[in-house]
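Proteins get letters first, then strands, A, B, ... in listed order; numbering begins at 1 in each.
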Number of protein chains: 2
Amino acid sequence: MTGDEQLDAAFSALAHPTRRAILARLAKGTATVNELAEPFDATLPAISKHIRVLEAAGLVLRGKDAQFRPCALDTKPLEAVASWTDQYRFIWEARFDAMDRILNGMKETPDE
Amino acid sequence: MTGDEQLDAAFSALAHPTRRAILARLAKGTATVNELAEPFDATLPAISKHIRVLEAAGLVLRGKDAQFRPCALDTKPLEAVASWTDQYRFIWEARFDAMDRILNGMKETPDE
DNA sequence: TGATTAATTAACTAAATGGTATAATGTGCC
DNA sequence: GGCACATTATACCATTTAGTTAATTAATCA
């Protein structure tokens, strides 16, 4: 999986509120599928699918403990997302105004 | 639009490599649709749609200049993404190991 | 006015997504 | 073995997404 594909998977996994809520729960410690499903209206297979998406994106690691498959958060893809957004930090920290840039038709690089 | 919906829109807009490439281009300054489309194989309507997705997510602002519709990057949603990921920073900075947590069945909050 | 350029709209297709209900699998326990 | 529980697999449905080609709108320019 290329870096681009990793970001694709991470961003699209994060694009669903249920999946973000699952991650928030996992930030407090491992949990089983049933525990993760409990706060939601969705059916268990639906949650199971969400977990699979998170797992495919590398955001969740799973174990095996009798009939349970405990889930744990893995933050590596979040680090990748954070460093991707960091590329743009200089722009918002310099308070470049997008509307200004459009109105002035300014095409130069702000400064680099 | 709720905060959740803003994040949904931002994350799913960012989940496509073409759209991330468009943002990278816009980080260097405003550009027209044709300029943005130039590096890609895709047709112009395809790029037009990508821009629309970025615009709906608030990542791109548009102007009007004769027959051109210049696009500019707006980083606000990126700031939202960055502060969302920051919630998890303490986990990876503490080097909590997801696999360890799974194997030890540790369910306690790391520390808060 | 007519031609050219920039961009969008429309109509369509193929594939992915998110969800359901139900059936199947695996594990521990009596 | 047989029951109960946790989880996943299957099959199906509706919606969205990403892309195409062809037509259309809007503005400039000769």
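- Atom CD in E79(B) sits 8.5 Å away from atom CZ in R89(A) (nearest 0.5 Å).
- Atom-to-atom, CD1 of I51(A) to P of dG18(C) comes out at 14 Å; the value is rounded to the nearest Å.
- Between the CD1 atom of I47(A) and the C1' atom of dA9(D) there is a distance of 17 Å, rounded to whole Å.
- Taking side-chain N and O atoms only, T32(A) has no distance below 4.0 Å to OP1 or OP2 of dA6(D).
- Rounded to whole Å, atom P of dA6(D) lies 13 Å from atom CD of E38(A).
- Distance, E35(A) CD to dA6(D) P: 10 Å, rounded to whole Å.
- Checking V33(B) against R69(A), the closest nucleotide of DNA chain C that is more toward the 5' end is the one next to V33(B).
- Hydrophobic clustering of Ile, Leu, Val, Met, Phe, Trp and Tyr side chains at less than 4.5 Å, counting indirect connections, unites L23(A) with I47(A).
- The separation between L36(A) atom CG and dA6(D) atom P is 13 Å, rounded to whole Å.
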Contact string for nucleotides 16-25 of chain D, one letter per nucleotide 5' to 3', B = base within protein heavy-atom range under 4.0 Å, S = sugar-phosphate only, - = neither, reads --SBBBB---

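- Taking atom NZ of K64(B) as the reference point, atom P of dA27(D) lies 6 Å away to the nearest angstrom.
- For D4(A), the salt bridge (Lys or Arg N to Asp or Glu O under 4.0 Å) partners at least two apart in sequence or on another chain are R20(B).
- Between atom CG of residue D74(A) and atom CZ of residue F96(B) there is a gap of 13.5 Å, rounded to the nearest 0.5 Å.
- Remark: S83(B) pairs with no residue by the side chain to side chain contact (heavy atoms under 4.5 Å, CB included) rule, at least two apart or across chains.
- Atom pair L54(A):CG and dT7(D):P shows a separation of 15 Å (rounding to whole Å applied).
- A close approach under 4.0 Å does not occur between any side-chain nitrogen or oxygen of R52(A) and OP1 or OP2 of dT7(D).
- Listed nucleotides: dA6(C), dA9(D), dT7(D). Nearest to the side chain of N34(A): dT7(D).
- Neither OP1 nor OP2 of dA6(D) sits under 4.0 Å from any side-chain N or O of R62(A).
- Of the inter-residue distances, the one linking I22(B) atom CD1 with F40(B) atom CZ reads 5.0 Å to the nearest 0.5 angstrom.
- Between Q67(B) atom CD and dT4(C) atom C1' there is a gap of 9 Å when expressed in whole angstrom units.
- One hydrophobic cluster, built from ILVMFWY side chains closer than 4.5 Å, cannot hold both L61(B) and V53(B); they sit in different ones.
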